[in-house]
**Q** 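Let me give you the structure first, and then I'll get to my questions.
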Amino acid sequence: MTELGIPEQYLEGYAQILDEVAATGRRLTREELIFRRALGEQAADAGHGLRSLVSAHLTAARAAWPSGPASADSVLAAVQQATDAFAEGFERAQRLAVRQEEAARREFIDDLLYGRSDLGRLAERAERFGLRLSHAHAVAVAEGPTAYEEGDPVPRQVERALISRFGDRSILLTTKDGRLLCIAPGPQDEVLAHFAKQAHAATDGGRVAIGRPQPGPGGVVHSYEEALNALELAERLELEDPVLRAADLLVYPVLTRDRQAMAELVVNTLGPLTTARGGAQPLLDTLTAYFDSGCVAAEAARRLTLSVRALTYRLERIHKLTGANPADPAHRYMLQTAVIGARLLDWPAQEL
């Protein structure tokens, strides 16, 4: 062992090379450079630090420094060649290790989010990445105007913000299908809330959805799917909230669980609007704005850039065509449910 704790095997033949260079002034041969690169790879695989390894080379060079009139320039050139080849091999091994780690991480994430692996084996692999799947976990998904990949500036910025605040708290950040993902233990809602804040800012106003905490190895998949469904609902319903929680949107999956029944409600309730001049869409937009504004006619008119008189005329037209009065509490729930169903089913653009 050297004084720095570096095994002598990584300095094999080094002193002899320096002695020969001091005597002849030669440069390292191709075989010697290949061998020193191989030693660098071995040292990297063994987990030694490059700084300590380079220091060991310099210490060995001082110990073997010729006392005669040899050319110091030749010896220094040999030291440079040898350490450069050694460092090249070391860095090559590290790059390969990083690529292998990234591949293993990506494979794990794919299996985790798609549930394609044995749950017991998945739980074992998860501990390597700081997750204990026997506990409940929740997933937040952020999407922005562009797709994001591992190593892009936006994911790195969000990761730095989380680490600086929470440190290593069993959090896994990654990307999937161009979106940012954060997986955190279920009880640590503050982590996902902070992720949502940082991701919203980093993605220039992108939208974030947070799934409910779900227990067990399959819980991550369920929470991830809830978050994705929340993003899809937000797009269909044109929700403006930058942060969506699946727990607050449970009514929508309930409404669409029986798709045939919802389609019948939409057609039977709103179908007559298709006979209006200009089709059903303008009147459907009127109902949407009216309900979204709390059935306040003035606010709904403002949202539609209409006069209150024009809005009132549209509501009367809807009442005449459908037989249901939007201003009547007895009719309002049926109409509003049908409007939500129409937006979820993309009616009237899609025929039901």
**Q** Between Glu316 and Lys320, does at least one N-O distance fall below 4.0 Å, as a salt bridge requires?
**A**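 Between Lys320 and Glu316 there is no salt bridge, as every charged N stays at least 4.0 Å from the carboxylate O atoms.
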**Q** For Trp347 versus Leu284, what's the shortest heavy-atom pair and its separation?
**A**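 That closest heavy-atom pairing would be O-CD2, 3.5 Å.
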**Q** Between Thr286 (side chain only) and Pro282 (backbone N and O only), is there a donor and an acceptor less than 3.5 Å apart?
**A**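 Between the backbone of Pro282 and the side chain of Thr286 there is a qualifying donor-acceptor contact (under 3.5 Å).
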**Q** Test Asp285 against Gln281 for side chain to side chain donor-acceptor pair (under 3.5 Å), laying out the working first.
**A** CA-CA 6 Å; Asp285 293 341; Gln281 192 62 56; 2.8 Å; yes
**Q** Closer than 3.5 angstrom, by distance alone: can the side chain of His200 be matched with the main-chain N or O of Gly206 as a donor-acceptor pair?
**A**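 Here the side-chain-to-backbone pair exists.
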**Q** Taking the side chain as every heavy atom from C-beta outward, state whether Thr288 and Glu238 have any pair of such atoms under 4.5 Å apart.
**A**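 Counting from C-beta outward, Thr288 and Glu238 never come under 4.5 Å.
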**Q** Any side-chain heavy atom of Leu335 sitting closer than 4.5 Å to one from Leu270?
**A**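 Side chain of Leu335 against side chain of Leu270, heavy atoms only: contact under 4.5 Å found.
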**Q** Give a yes or no on whether Gln80 atom CD has more than 12 heavy-atom contacts from other residues, nucleotides or ligands under 6.0 Å away.
**A**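 No, the 6.0 Å shell around CD holds no more than 12 heavy atoms from other groups.
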**Q** Under 3.5 Å, side chain of Gln214 to main-chain N/O of Ser223, donor-acceptor pair present?
**A**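 No, Gln214 side chain to Ser223 backbone: no donor-acceptor pair under 3.5 Å.
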**Q** Is there a donor-acceptor pair under 3.5 Å between the side chain of Arg36 and the backbone N or O of Gln81?
**A**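 No; zero donor-acceptor contacts below 3.5 Å.
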**Q** Are Arg236 and Asp346 close enough that some pair of their side-chain heavy atoms sits under 4.5 Å apart?
**A**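 Yes, side chains in contact.
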**Q** Group every Ile, Leu, Val, Met, Phe, Trp and Tyr by side-chain heavy-atom contacts under 4.5 Å, then state whether Leu344 and Val251 land in the same group.
**A**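 Yes; Val251 is reachable from Leu344 via cluster members.
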**Q** Which atoms form the tightest heavy-atom contact between Leu28 and Arg26, and what is the distance?
**A**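 It is CA-NH1, 3.8 Å.
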**Q** Could you tell me whether Arg92 atom CZ has more than 12 heavy atoms of other residues or ligands within 6.0 Å of it?
**A**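 More than 12 within 6.0 Å, yes.
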**Q** Could you go step by step and tell me if Leu265 and Met334 meet the side-chain contact (heavy atoms from CB on, under 4.5 Å) rule?
**A** CA-CA 9 Å; Leu265 175 65; Met334 179 184 66; 4.1 Å; yes
**Q** So which atom in Tyr290 and which in Pro326 form the shortest heavy-atom distance, rounded to 0.1 Å?
**A**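 Closest approach of Tyr290 to Pro326: CE2-O, 3.7 Å.
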**Q** Which heavy atom of Pro155 sits nearest to which heavy atom of Thr175, and what is that distance?
**A**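 Residues Pro155 and Thr175, closest heavy atoms: CG-CG2, 4.0 Å.
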**Q** For Glu235, does the CD atom sit with more than 12 other heavy atoms under 6.0 Å from it, leaving out its own atoms?
**A**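 Atom CD in Glu235 is not packed in, count stays at 12 or less.
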**Q** Can you confirm whether Arg259 is buried at CZ, in the sense that more than 12 heavy atoms of other residues, nucleotides or ligands lie under 6.0 Å from that atom?
**A**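 No.
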**Q** Apply side-chain contact (heavy atoms from CB on, under 4.5 Å) to residues Leu39 and Tyr14 and explain how you reach the verdict.
**A** CA-CA 11 Å; Leu39 290 177; Tyr14 183 54; over 6 Å; no
**Q** Nearest 0.5 Å, please: how far is CG in Leu315 from CG in Leu287?
**A**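 Taking CG in Leu287 and CG in Leu315, the distance rounds to 7.0 Å.
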**Q** Does the Glu32 side chain pair with the main chain of Thr29, one donor and one acceptor, at a distance under 3.5 Å?
**A**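 Yes, the answer is positive, given that a donor and an acceptor are paired below the 3.5 Å cut-off.
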**Q** Tell me whether Thr269 contacts the main-chain N or O of Val266 through its side chain, where contact means a donor paired with an acceptor under 3.5 Å.
**A**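 No: the side chain of Thr269 does not pair with the backbone of Val266.
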**Q** Going through the checks in order, is the side-chain contact (heavy atoms from CB on, under 4.5 Å) test met by His331 and Thr322?
**A** CA-CA 10 Å; His331 299 162; Thr322 65; over 6 Å; no
**Q** Using modelled atom types only, decide if a donor and an acceptor are shared between the side chain of Asp328 and the backbone of Ala330 within a distance under 3.5 Å.
**A**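 Flag set: sc Asp328 to bb Ala330 pair under 3.5 Å.
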**Q** Minimum heavy-atom separation for Leu180 and Ala199, please, with both atom names.
**A**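 Reported closest heavy-atom pair: CD1-CB, 4.4 Å.
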**Q** Please check: side-chain N/O of Arg179 versus main-chain N/O of Ala147, any donor-acceptor pairing under 3.5 Å?
**A**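 Not a single qualifying donor-acceptor pair exists.
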**Q** By the definition side chain to side chain contact (heavy atoms under 4.5 Å, CB included), identify the one residue from Leu181, Ile183, Val139, Val220 that meets it with Leu172.
**A**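 In the set Leu181, Ile183, Val139, Val220, the residue that makes a side chain to side chain contact (heavy atoms under 4.5 Å, CB included) with Leu172 is Ile183.
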**Q** Could you tell me which non-hydrogen atom of Ala142 sits nearest to which non-hydrogen atom of Val208, and how far apart they are?
**A**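 Residues Ala142 and Val208, closest heavy atoms: CB-CG2, 3.7 Å.
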**Q** Taking everything shown except Glu351 itself, do over 12 heavy atoms lie less than 6.0 Å from its CD?
**A**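 Counting other residues, nucleotides and ligands, CD of Glu351 stays at 12 neighbours or fewer.
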**Q** Would Leu162 and Gln198 count as a side-chain contact (heavy atoms from CB on, under 4.5 Å) if you check the C-alpha gap in whole Å, the side-chain angles of each, and the deciding distance to 0.1 Å?
**A** CA-CA 8 Å; Leu162 282 176; Gln198 297 298 323; 5.5 Å; no
**Q** Going by an N to O cut-off under 4.0 Å, is there a salt bridge joining Arg302 and Glu299?
**A**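 Yes.
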**Q** Has Asp241 got a side-chain atom pairing as donor or acceptor with Val243's backbone, closer than 3.5 angstrom?
**A**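 Here the side-chain-to-backbone pair does not exist.
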